[in-house]
There are 2 protein chains.
Amino acid sequence: MKAGSRAVGIKDVALAAGVSATTVSHVLSDAAYARISPATRSKVRSAAEQLGYGPNRLAQALRSRRSGILGLVSEDIATTPHAGRIILGADEAARARGYTLMVINTSGTAGPGSREADVEALLERQVDGILYATMFHRVVEAPGNLAKVPAILVDAVSTGQGFASVVPDEAGGARTAVEILLHAGHTRIGFLNNTEDVPSTNGRLSGFRDALTSAGLDGGAAPVEAAASDAQGGYEAASRILRGAAPPSALFCYNDRMAMGAYRAAAELGLSIPADLSVVGFDNQELIAASLYPGLTTVALPHYGMGAWAADRLIDAVEGKPGPEPMPMLLACPPVARASVAGPRSGASAR
Amino acid sequence: MKAGSRAVGIKDVALAAGVSATTVSHVLSDAAYARISPATRSKVRSAAEQLGYGPNRLAQALRSRRSGILGLVSEDIATTPHAGRIILGADEAARARGYTLMVINTSGTAGPGSREADVEALLERQVDGILYATMFHRVVEAPGNLAKVPAILVDAVSTGQGFASVVPDEAGGARTAVEILLHAGHTRIGFLNNTEDVPSTNGRLSGFRDALTSAGLDGGAAPVEAAASDAQGGYEAASRILRGAAPPSALFCYNDRMAMGAYRAAAELGLSIPADLSVVGFDNQELIAASLYPGLTTVALPHYGMGAWAADRLIDAVEGKPGPEPMPMLLACPPVARASVAGPRSGASAR
DNA sequence: TTGAAAGCGCTAACAG
DNA sequence: CTGTTAGCGCTTTCAA
């Protein structure tokens, strides 16, 4: 049971195979130099197999100055369901190339000193590179010591200096969402936006307008109501927009929570979804989108993809292959069709 | 920028302070033996400070045969929002004691071979102990090699052999939920249960009946409808129970998703929550519970607490202090009051 | 085709 | 009080 009981090492294998430790090392690591006879190779291999040999990655790391560990510091890992997908993406990409993730949580509200300490802890563990992730798309001030190893920002861009990063294509996602509505035949489409000044708020708004304009509609004149980015905010914004003159026949919502509020507003007004009102969300929060009735058609945030892309490129950088440019990489937000979209009732307006 | 440029080591500090590396080691690690003069101590300290010395935890680990790393293998980390809270709890508890988390994801549906390989990867990294977590309470067959280091199951219990583990007190949580309804004055309470044969289904059912019986009601006769544990299932079960003869004035739901379905069923029947029908959920999935209107009163799953408790006890075991018994530890599910509970309308039944 | 030797950066007896 | 001496388990010249 106890860990260090007496693990079999390279030496034991050497002894059992009747060769030197050096040879064992050469065989087991497929060293590019050092030719070893096939006979010796198999002798070593079977001895290792038989003794149940497993390498001590710590020792390998110390000697080779490469730990094979990627640090992942995530801001507010517990506040959204997205953390798991970023970690999963990074984990799978890392493992495919022999690396392992070391995860540390940090608070988005903590001072810069504490965040430097978090990175420092990873550095002491000799991580080969660091992934710095936030749980919603924002611009962060990267800790000063982050540049001591290759590093990539996930779901965030840095103020000033050049860190490579990967973020969702907010504008593109919004365009995708609006196009779903356009293709269904809607021409009067409203947008329930967030009030916060973050990249997603601005990106989704411009994507919304672009899509309308590209379709020959007057993007600048389309109704937009902003409110808090939660269900209550969505309810309020939707109520305002739906009670206005010539209310839209379809709503694009900043996120799924706001869409949930829009559902309530619609119900209150006796509007049935999607017959009287079509709705598209953003985020693809399974818990909400799939639980709503009817199911919410939305656009997914590429958390898995961002984690995987970042880990993969980070490893490239670590291994000396050309790493990513120090600029943000945009990942697409794919549509997820459910049941909240249908064609407009008759004219161009609901009700 | 590059990692291994030429990190300052214990030797550089020794040189700068005019002492031996041994002395530096003793000072910096506050070794229990070895008395060192205060003068030397501060000399060493300031030299270390000045050179920006940071220990190489890999080397320390190799020498001391203690890595200070806790492995966390989580089954299906991305399928629920709970992963983040378990990780956060474990991370904070671990860091408070100088440990760091190494996270690996594994698939609940993967074969035993693949799960052993996952544990093996952690073992090669010389983790001091392993936390094996699932994202919903279940009984798992622990990988065979998990016992090679101290290990604790999180949100799961093992078939057969004795692993320590920590799980939510399902029955207690259900009692808490029902008592909220009881205290509000309800006497006819229905239960919307899950159909799967998992610990939470059975535990919550028995807690439901216990609470009623303890209150002098006939727990055995209370209405229970089982369905799939999602919004649709909740809608169906609630519809059945609410359309029955003498429908209950309050509903306890297996989880928040089913509660969401119950909201829809109530709306369809013209029942207003909480005036005509009180509802209590289970899980405290913020996304749903806080977004529903009115806000859902529920009972929280102790993911953060399970992660923290497990990491803390695992470290005890690693450090030779008495570790946890090889049996499941139950953690309470605290109530979270929102706005879905009120007193019954007049008689004992709604409508 | 193989092995001896020299460490990676640090800790821990044991001497002095 | 402090320094010497050995390694932890492995990789990597370099020589045989």
**Fill in**
On DNA chain D, more 5' by nearest nucleotide between A:P55 and B:R63 is B:R63

**Prompt:** Rounded to the Å, how far apart are B:E124 CD and D:dC10 C1'?
**Reply:** 13 Å

**Request:** Ignoring backbone atoms, test whether A:S29 places a side-chain nitrogen or oxygen under 4.0 Å from the OP1 or OP2 oxygen of D:dC10.
**Result:** no

**Asked** More 5' along DNA chain D: B:S64 or B:P38, using each one's nearest nucleotide?
**Response** B:P38

**For A:R85, all residues meeting salt bridge (charged side-chain N to carboxylate O under 4.0 Å, His left out), sequence neighbours excluded** = none

**Request:** Using whole Å, report how far CG of B:N56 lies from C1' of C:dC8.
**Result:** 8 Å

**Pairing residues for B:T40 by the side chain to side chain donor-acceptor pair (under 3.5 Å) criterion, not counting sequence neighbours** = B:S37

**Request:** Can you tell me the distance, in whole Å, between the CD1 atom of A:I36 and the C1' atom of C:dG3?
**Result:** 10 Å

**Request:** Sequence neighbours left out, what passes side chain to side chain donor-acceptor pair (under 3.5 Å) with B:S20? Give chain and number order.
**Result:** B:T23

**Message:** Rounded to whole Å, please give me the gap between CZ in B:R65 and P in D:dG7.
**Reply:** 13 Å

**Request:** Kindly state each residue pair satisfying salt bridge (charged side-chain N to carboxylate O under 4.0 Å, His left out) with at least one member in residues 97-111 of chain B, sequence neighbours excluded.
**Result:** B:R97-B:D312, B:R97-B:D316, B:R97-B:E319

**Fill in**
note: A:Q60, atom CD; C:dG9, atom P; distance rounded to Å ~ 17 Å

**Request:** Let me know the distance between CZ of A:R57 and P of D:dC10, rounded to the nearest Å.
**Result:** 12 Å

**Prompt:** With a 4.0 Å cut-off on heavy atoms, is B:S37 in touch with a base, just the backbone sugar-phosphate, or nothing at all?
**Reply:** sugar-phosphate

**Request:** Would you please test B:I130 and B:L146 for side-chain contact (heavy atoms from CB on, under 4.5 Å) and show each step?
**Result:** CA-CA 8 Å; B:I130 297 184; B:L146 187 56; 3.6 Å; yes

Protein N or O to nucleotides 14-16 of chain C N or O, pairs below 3.5 Å:
none

**Complete:** The side-chain contact (heavy atoms from CB on, under 4.5 Å) partners of A:N56 (sequence neighbours excluded) come to A:L58, A:A59, B:L62, B:Q126

**Message:** For residues 129-142 of chain B, which residue pairs pass the salt bridge (charged side-chain N to carboxylate O under 4.0 Å, His left out) check, not counting sequence neighbours?
**Reply:** B:E75-B:R138

**Asked** Considering only heavy atoms, which members of residues 10-24 of chain B lie under 4.0 Å from some atom of DNA chain D?
**Response** B:V19, B:S20, B:T22, B:T23

Extract all donor-acceptor atom pairs below 3.5 Å that involve side chains of residues 46-54 of chain B and protein atoms in other chains or at least two apart in sequence.
| residue | atom | partner | partner atom | Å |
| --- | --- | --- | --- | --- |
| B:S46 | OG | B:S42 | O | 3.1 |
| B:S46 | OG | B:K43 | O | 3.2 |

**Spatial distance of atom CG (A:D128) from atom CZ (A:R65) [nearest 0.5 Å]** = 11.5 Å

**Asked** Of all heavy-atom pairs between A:L314 and A:G129, which one has the smallest distance, and what is that distance?
**Response** CD2-C, 3.7 Å

**B:L28 CG to C:dC10 C1', straight-line distance once rounded to whole Å** = 11 Å

**Prompt:** Between A:Y53 and D:dG9, does any side-chain N or O lie under 4.0 Å from OP1 or OP2?
**Reply:** no

**Prompt:** Listed by chain and number, what are the side-chain contact (heavy atoms from CB on, under 4.5 Å) partners of A:D76, not counting sequence neighbours?
**Reply:** A:T79, A:S107

**Message:** Test of understanding: with salt bridge (charged side-chain N to carboxylate O under 4.0 Å, His left out), list the residues that count as partners of B:R45, not counting sequence neighbours.
**Reply:** B:D30

**Asked** Hey, does the side chain of A:S25 come within less than 4.0 Å of D:dC10's phosphate (OP1/OP2), counting only N and O?
**Response** no

**Item:** Inter-end axis angle, the helix from C:dT1-D:dA16 to C:dG16-D:dC1, with every axis fitted to five base pairs (rounded, 10 degrees)
**Value:** 40°

**Message:** In whole Å, I'd like the distance from the CG atom of A:L58 to the P atom of C:dG9.
**Reply:** 14 Å

